[in-house]
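Lettering follows sequence order; numbering is per chain, from 1. Heavy atoms only: backbone and side chains are in, while hydrogens, waters and symmetry mates are out. As the structure is a prediction and not an experimental result, all values here were calculated from the model.
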2 protein chains.
Amino acid sequence: MGLTKTEIFTEEQNQMAAWLKAMAHPARIAILQRILQSNTCICGDLVEELGLAQATISQHLKELKNAGIIQGTIEGVSICYCIEPKTWKLLQNQLGDFFASYQGEQNCC
Amino acid sequence: MGLTKTEIFTEEQNQMAAWLKAMAHPARIAILQRILQSNTCICGDLVEELGLAQATISQHLKELKNAGIIQGTIEGVSICYCIEPKTWKLLQNQLGDFFASYQGEQNCC
DNA sequence: ATTATACATCGTAATATTGCGATATAAATA
DNA sequence: TATTTATATCGCAATATTACGATGTATAAT
């Protein structure tokens, strides 16, 4: 084995897992924080700021892009990455609901 | 290679990544939903409800427990799993802040 | 046209994850 | 004490992830 049995879960469960997985790496958290903080597009600055090789950063950016969390547009020689607003808000809402659905310890251990 | 370079990231970035990673699997999302929904402790019902083998479920529960997201207490023969309130609230707040720090598209692509 | 710059992609090695059968453990019951 | 019940752990095979050097590609500058 070694592959997730996606077919036994709902579309929503798989989507949520995919989003979380895309963010579940310190480098990708750092990239997102950097984009959020500067509140504008981020290009190759990342390679110097994080201590990872250019190929590695590029790969991480690709994963965030594939998950729909960021988007990249060509800006001359470099590429400009920023948050994909739609996905961001969707994920924000879904995660918000998910966490808020906890009613606190009641009949619990 | 093949191992994450945790030493170049902050404690917070690594912790957040670890929490997200623990939740970044459809089975573990399903388990958490089940716990949240029934609002009480969950034992072996999961094995019948999800379509995964007992060993697999046990492993997923272990990962959620190791991340501090759920806790398990022995309840006679079976084990009772529920949300770990402290971690849950912490993660809820940190994720909330993280997502809320997005200022919307401004100087962006 | 050539060169420089900024990324992306390929290929590969090291390691991690996923899933499960088999087996171990520990509490409850007969 | 022996057996049942509920869960954990081991060991393995299949696959995925992480990281990076090397190389490809496309735009800008010379």
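Inter-residue side-chain proximity for B/Ile79 and B/Leu61 is flagged as unmet; no heavy-atom pair is nearer than 4.5 Å. Side-chain contact check for B/Leu52 versus B/His60: some heavy-atom pair is nearer than 4.5 Å.
The distance from atom CD1 of B/Ile57 to atom P of D/dT7 is 11 Å, rounded to the nearest whole Å. Protein atom CG of B/Asn66 is 15 Å distant from nucleotide atom P of C/dA16, rounded to whole Å. If you take NZ of A/Lys65 and P of C/dA8, they are 6 Å apart, rounded to a whole angstrom. Distance, B/Leu50 CG to D/dT7 P: 13 Å, rounded to whole Å. Rounded to whole Å, atom C1' of D/dT5 lies 14 Å from atom CG of B/Asp45. Put simply, CD on B/Glu48 is 13 Å from P on D/dT5, counting in whole angstrom units. Summarising the geometry, the separation between NE2 on A/His25 and C1' on C/dT17 is reported as 14 Å, rounded to the nearest angstrom. As rounded to whole Å, 13 Å separates atom C1' of C/dG19 from atom CD1 of B/Ile31.
Using modelled atom types and a 3.5 Å distance limit, the side chains of A/Gln94 and A/Gln15 yield no donor-acceptor pair. Between B/Glu75 and B/Ser78, the side chains place no donor N or O within less than 3.5 Å of an acceptor N or O (distance only, hydrogens not considered).
Checking the phosphate oxygens (OP1, OP2) of C/dA6, no side-chain nitrogen or oxygen of A/Ser78 falls inside 4.0 Å. For the OP1/OP2 pair of C/dT18 and a distance below 4.0 Å, the side-chain nitrogens and oxygens of B/Thr56 include no atom meeting the criterion. In this model, the phosphate group of D/dT17 is not approached by any side-chain N or O of A/His60 to a distance below 4.0 Å at OP1 or OP2. A sub-4.0 Å separation between OP1 or OP2 of D/dA8 and a side-chain N or O of B/Tyr81 is present.
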Next item on the list: Summarise how protein sits on nucleotides 21-30 of chain D as a single string, 5' to 3': B when a protein heavy atom is under 4.0 Å from the base, S for sugar-phosphate-only contact, - for no contact.
Entry: BB----BS--
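In this structure, the side chain of A/Trp19 does not engage the main chain of A/Leu91 through any donor-acceptor pair within 3.5 Å. Although no hydrogens or angles enter the test, the distance criterion places a donor-acceptor pair under 3.5 Å between the side chain of B/Trp88 and the main chain of A/Phe99.
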Note to self: Is there a side chain to side chain donor-acceptor pair (under 3.5 Å) between B/Glu84 and B/Thr87? Walk through the geometry before answering.
What the structure shows: CA-CA 6 Å; B/Glu84 210 290 310; B/Thr87 307; 2.9 Å; yes
Next item on the list: Could you give me the CA-CA distance, side-chain angles and deciding distance for A/Tyr81 and A/Lys65, then say whether side-chain contact (heavy atoms from CB on, under 4.5 Å) is met?
Entry: CA-CA 9 Å; A/Tyr81 283 106; A/Lys65 213 171 83 179; 3.7 Å; yes
Next item on the list: Apply the test side-chain contact (heavy atoms from CB on, under 4.5 Å) to residues A/Ile29 and B/Leu20: give CA-CA distance (whole Å), side-chain angles for both, the deciding distance (0.1 Å), then the verdict.
Entry: CA-CA 10 Å; A/Ile29 295 283; B/Leu20 293 178; 3.7 Å; yes
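The base of D/dA19 sits within donor-acceptor range of the side chain of A/Gln59, with an N or O pair under 3.5 Å.
Side-chain proximity of B/Thr4 to the nucleotides D/dT7, C/dA8, D/dA19 is greatest for D/dA19. Ranking C/dT18, D/dA19, C/dG19 by closeness to the B/Arg28 side chain, first place goes to C/dT18.
The stretch residues 5-23 of chain B touches DNA chain D through B/Lys5, each having a heavy atom under 4.0 angstrom from the strand.
Place A/Leu52 and B/Ser58 on DNA chain D by their nearest nucleotides, and B/Ser58 ends up nearer the 5' end.
Contact detail for B/Gln13 and A/Gln33: the closest heavy-atom pair is NE2-OE1, 2.7 Å.
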